[in-house]
Amino acid sequence: MLLDLYKTFCFSRDGDIYQVGYVFEKAVTENEGVPQTNICLTVTFSKNQSDNIIDKINKASSILSQSNESIESDIKMKVLSYN
């Protein structure tokens, strides 16, 4: 998985259609005063073509070693938790 590469996918559940886009970006955070480089996952999604919702989540860089299917499965669960 490359950073700053925007990916999209869609899925349906219970008659609702979700359109999702996501991108990984570098995020520098501090832990006890020590800067650490993590990954910021920015997810943009809409349900049934309504207004977009944007969610930003800091993740460990190890997420980049996961398959796209695994990442998208995690994102689906996050999107569905908004209901």
Are [X] and [Y] packed together at the side-chain level, in the sense that at least one heavy-atom pair is separated by less than 4.5 angstrom?
{"X": "L5", "Y": "F24", "result": "no"}
{"X": "V43", "Y": "V20", "result": "yes"}
{"X": "I75", "Y": "L41", "result": "yes"}
{"X": "K7", "Y": "V23", "result": "no"}

Within this structure, what is the [atom1]-[atom2] distance for the pair [X] and [Y], rounded to the nearest 0.5 Å?
{"X": "D16", "Y": "Q49", "atom1": "CG", "atom2": "CD", "value": "12.0 Å"}
{"X": "I54", "Y": "T44", "atom1": "CD1", "atom2": "OG1", "value": "4.5 Å"}
{"X": "E72", "Y": "Q66", "atom1": "CD", "atom2": "CD", "value": "11.5 Å"}
{"X": "D74", "Y": "E69", "atom1": "CG", "atom2": "CD", "value": "12.0 Å"}

Side chain to side chain contact (heavy atoms under 4.5 Å, CB included) between E25 and T42: does it pass, once the steps are laid out?
-> CA-CA 8 Å; E25 301 169 304; T42 302; 3.6 Å; yes

| request: Search all heavy atoms of G15 against all heavy atoms of N48 and return the closest pair with its distance. | output: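 Looking at all heavy atoms of both residues, the closest pair is O-OD1, 4.3 Å.
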
task: Determine the minimum heavy-atom distance between I63 and I71, stating which atoms define it.
output: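 It is O-CD1, 3.7 Å.
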
* Asked: Within a reach of under 6.0 Å around CD1 of I17, are more than 12 heavy atoms found that belong to other residues, nucleotides or ligands?
  ->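 Count not over threshold, so no.
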
Taking side chain to side chain contact (heavy atoms under 4.5 Å, CB included) as the definition, give me every residue that meets it alongside C10, ordered by chain and number, with sequence neighbours left out.
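C10: side chain to side chain contact (heavy atoms under 4.5 Å, CB included) contacts with Q19.
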
ask   = Under 30°, 30 to 60°, or over 60°: which ring-plane class applies to Y22 and F9, parallel, tilted or perpendicular?
value =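 Plane angle over 60°, so perpendicular.
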
Subject >> Pairs involving residues 43-71, ordered by first then second residue, that meet ring-ring contact (aromatic ring centres under 6.0 Å, His included) (sequence neighbours left out) >> reply: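 Every pair satisfying ring-ring contact (aromatic ring centres under 6.0 Å, His included) with a residue in residues 43-71: F45-Y82.
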
query = Between R13 and L80, does a side chain to side chain contact (heavy atoms under 4.5 Å, CB included) hold up when you go through it step by step?
reply = CA-CA 9 Å; R13 183 161 187 209; L80 292 172; 3.0 Å; yes

Donor-acceptor contact present, side-chain S73 to main-chain S70, <3.5 Å:
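Pair absent, no side-chain N/O of S73 close to backbone of S70.
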
| Does NZ or CZ of K76 lie under 6.0 Å from the centre of the six-membered ring of F11, at an angle within 45° of the ring axis? |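 Positive - K76 is close enough to the ring of F11 and near enough to its axis.
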
*Evaluate the criterion side chain to side chain contact (heavy atoms under 4.5 Å, CB included) for residue pair I39 and L64; output intermediate values, then yes/no.*
CA-CA 9 Å; I39 303 299; L64 297 176; 3.9 Å; yes

